[in-house]
Novice: 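Before I ask anything, let me first share the structure, which is written out below as structure tokens.
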Amino acid sequence: MNSQERHTDSSIAIKKIYTEQDLPAAGLELPGEYPFTRGVQPNMYRGKLWTMRQYAGFSTAAESNKRYHYLLSQGVSGLSVAFDLPTQIGYDSDHALSDGEVGKVGVAIDSIEDMQILFDGISLEQVSTSMTINATGFILLGLYAAVAKQQGADLSKINGTIQNDILKEYAARGTYIYPPKPSMRIITDLFEWCSREVPKWNTISISGYHIREAGSTAVQEIAFTLSNGKAYVQAALAKGLDINVFGRRLSFFFNAHNNLFEEVAKFRAARRMWAQIMKDLGATDPKAMMLRFHAQTGGSTLTAQQPHNNIARVTVQTLAAVLGGTQSLHTNGYDEALSLPTEEAAAIALRTQQIVAFESGVADTVDPLAGSYFVESLTASVEAAAWKLIETIDQMGGSVTAIEKGFMQEEIARSAYAFQQKMEQGEKIIVGVNKFQTTEKNNIPLLRIDDSIRAAQCEKLKRLRQDRDQSVCTSLLNTLREQAVDGSNIMPVVVSAIEAKCTLGEIADTLRGVFGEYRQ
């Protein structure tokens, strides 16, 4: 690399020195005011620290429940649930395609009985819960609401976030079930139902995280994510929903990577851009224009080589998210390139957030990097590059069309390939991987998931089906099928089916029969 040339990971040129002349022309911007570049709250962390979440879920509901109680005892202020692959794509644990995957990358949830166990001893009125689930997100939120009702909770008081972002599944992650158009219909049904039944729930977490994990740049991450967000808003408007009502319940989920200043610039630019998008779509309530986001440190940046180095990486990424103004944060365990995090790794990850919050001083003032010649210039550059991508997508007809044409997928693949080339050529240094290697023996204890979990889940499903009123279940699933066809909001009957002990797979399969399955 030429010593005089530097670029961000999004290929934005970096000058040797920045001065006042590099500041973009802008009026005085204050935190908590449109366009929210400097944060969505006037006091930010001086008023309240970000929510410290730890993403957890593995094995059975009972084992995950133990981890949640441990995390709550260690000071987390919100739970974040990971679901296993069968749950994510709408298969019960006893389905043939679930073999080998039950409980492996998250917790297995087949029915309301599993959900009861998952949150046993945890008041859903008192804790904020984030659920990383998309194609079956409407079922999981129905399960959560049903359990909250059984606890005697007031549904108008429960709060949390459902990811519910199907468009990025087609573009990057792959855990979709139905084609894009019926999937968008399910999402807007959920928007409408939540506005009546669980008004404090964030109905979607429009996710750039997985787009970044698939290999996108920071610029692509926010451009594709905001474009997807725009598509959801347009779909809700077409259904007749009020942008000033549902707009307040939209949230975002971004990745925090290692290029500290570009990441901070990315978060600041995203807020400014979303405020403009929502204003252009008709929002007049400032709270409907705010981009509120959860961040997670970059899983794809973690290395299996010299895994303790990941603690330093996660610390840099934590600073990026906090300096960028996140509302909540999950920090990865240092061992996650090797397995699900052990209890020790999860504790260190949480302590990283707590040290940044209470010892570093970065939470003492709002947007501490504001006014930096470099950061302000970089924010403007990231924004300009992201707008260009969004304009290209708009010219195609929006995100759904761009995904159907493969545009986003191709752009992400091209960026991932370019990054890999730079790493293999030594232009991009990854410490311990392509430079500063050592001969090492991995003695790190790993969390292993026993394959016997599937047998236990299958036995539970067998008992559940024997004990329930099958005629009631059949009637409710028939009603679900009819309402999926006639365009009625499916959420009320989904919740009734859940309460009657219909399984996740049965609900998902009923809709498969109506909508079909998406094939790329």
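Please read all numbers here as calculations on a predicted model, not as lab measurements.
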Novice: Side chains of Gln327 and Thr51: closer than 4.5 Å at any heavy-atom pair?
Specialist: no
Novice: Quick check: do Glu63 and Ile453 have side-chain heavy atoms less than 4.5 Å from each other?
Specialist: no
Novice: What I want to check is whether the side chains of Gln41 and Arg292 have a donor and an acceptor closer together than 3.5 Å.
Specialist: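 No donor-acceptor contact under 3.5 Å links the two side chains.
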Novice: Within a 6.0 Å radius of atom NZ on Lys279, are there more than 12 heavy atoms belonging to other residues, nucleotides or ligands?
Specialist: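 No, not enclosed.
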Novice: State which residues pass side chain to side chain donor-acceptor pair (under 3.5 Å) with Trp50; sequence neighbours excluded, sorted by chain then number.
Specialist: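 Checked Trp50 against side chain to side chain donor-acceptor pair (under 3.5 Å); matches are Gln353.
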Novice: Are Asp84 and Ile109 close enough that some pair of their side-chain heavy atoms sits under 4.5 Å apart?
Specialist: no
Novice: For the residue pair Tyr209 and Phe253, categorise the inter-ring angle as parallel (less than 30°), tilted (30 to 60°) or perpendicular (more than 60°).
Specialist: parallel
Novice: Any ion pair linking Glu101 and Arg454 (charged N to carboxylate O, less than 4.0 Å)?
Specialist: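 A salt bridge is absent here (no side-chain N lies under 4.0 Å from a carboxylate O).
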Novice: Is it the case that the side chains of Asn43 and Lys48 hold a donor-acceptor pair, with the cut-off being a distance below 3.5 Å and no angle test?
Specialist: no
Novice: Measure the acute angle between the ring planes of His95 and Tyr91, then classify it against the limits of 30° and 60° as parallel, tilted or perpendicular.
Specialist: tilted
Novice: Looking at residues at least two apart in the chain, or sitting in another chain, which of them share a side chain to side chain donor-acceptor pair (under 3.5 Å) with Asn244?
Specialist: Thr284
Novice: Are any of the side-chain heavy atoms of Leu291 and Leu226 separated by less than 4.5 Å?
Specialist: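 Answer yes - side chains close enough.
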Novice: Are the ring centres of Phe252 and Trp274 closer than 6.0 Å?
Specialist: yes
Novice: May I ask you to test the Thr331-Leu329 pair for a side-chain heavy-atom distance under 4.5 Å?
Specialist: yes
Novice: Do Phe191 and Ile204 touch side chain to side chain, with heavy atoms closer than 4.5 Å?
Specialist: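 Yes; the side chains approach each other to less than 4.5 Å.
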Novice: Output all residues satisfying side chain to side chain donor-acceptor pair (under 3.5 Å) with Arg313, sequence neighbours left out; order by chain, then residue number.
Specialist: Thr303, Asn310
Novice: Assess the residue pair Asp335 and Thr342 against the criterion (side chain to side chain donor-acceptor pair (under 3.5 Å)); give the C-alpha distance rounded to whole Å, side-chain angles, the decisive distance to 0.1 Å, and a yes or no.
Specialist: CA-CA 8 Å; Asp335 55 358; Thr342 60; 3.3 Å; yes
Novice: Is the shortest side-chain N to carboxylate O distance from Asp285 to Arg248 below 4.0 Å?
Specialist: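 Between Arg248 and Asp285 there is a salt bridge, with a charged N closer than 4.0 Å to a carboxylate O.
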Novice: Does any part of the side chain of Asn164, heavy atoms only, come nearer than 4.5 Å to the side chain of Ile186, both counted from C-beta?
Specialist: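 No, every pair of side-chain atoms sits at 4.5 Å or beyond.
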Novice: How about CZ on Arg351, more than 12 heavy atoms from neighbouring residues, nucleotides or ligands closer than 6.0 Å, or not?
Specialist: yes
Novice: Let me see the working for Phe119 and Tyr144 under ring pair (Phe, Tyr, Trp, His ring centres under 6.0 Å), right down to the final yes or no.
Specialist: CA-CA 9 Å; Phe119 292 105; Tyr144 191 89; 5.2 Å; yes
Novice: Please identify each residue that fulfils ring pair (Phe, Tyr, Trp, His ring centres under 6.0 Å) with Tyr170, with sequence neighbours left out.
Specialist: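 In terms of ring pair (Phe, Tyr, Trp, His ring centres under 6.0 Å), with neighbours along the sequence ignored, Tyr170 is linked to Tyr176, Tyr518.
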Novice: Going by salt bridge (charged side-chain N to carboxylate O under 4.0 Å, His left out), name the pairs with one or both residues in residues 464-490, residues two or more places apart or in two chains.
Specialist: Asp92-Arg465, Asp94-Arg465, Arg465-Glu506, Arg468-Glu506
Novice: Relative to the ring of Phe293, is the ring of Phe267 parallel (under 30°), tilted (30 to 60°) or perpendicular (over 60°)?
Specialist: parallel
Novice: Does a donor on one side chain and an acceptor on the other come within less than 3.5 Å for Asn202 and Thr161?
Specialist: yes
Novice: What residue pairs, at least two apart or across chains, pass salt bridge (charged side-chain N to carboxylate O under 4.0 Å, His left out) with a residue in residues 108-135?
Specialist: Glu113-Lys501, Asp114-Lys460
Novice: If you draw a 6.0 Å radius around CD in Glu517, do more than 12 non-hydrogen atoms from other residues or ligands fall strictly inside?
Specialist: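 Above 12, so yes.
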Novice: Quiz question: by atom type and distance under 3.5 Å, do the side chains of Glu263 and Gln317 form a donor-acceptor pair?
Specialist: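 Gln317 and Glu263 do not have a side-chain donor-acceptor pair below 3.5 Å.
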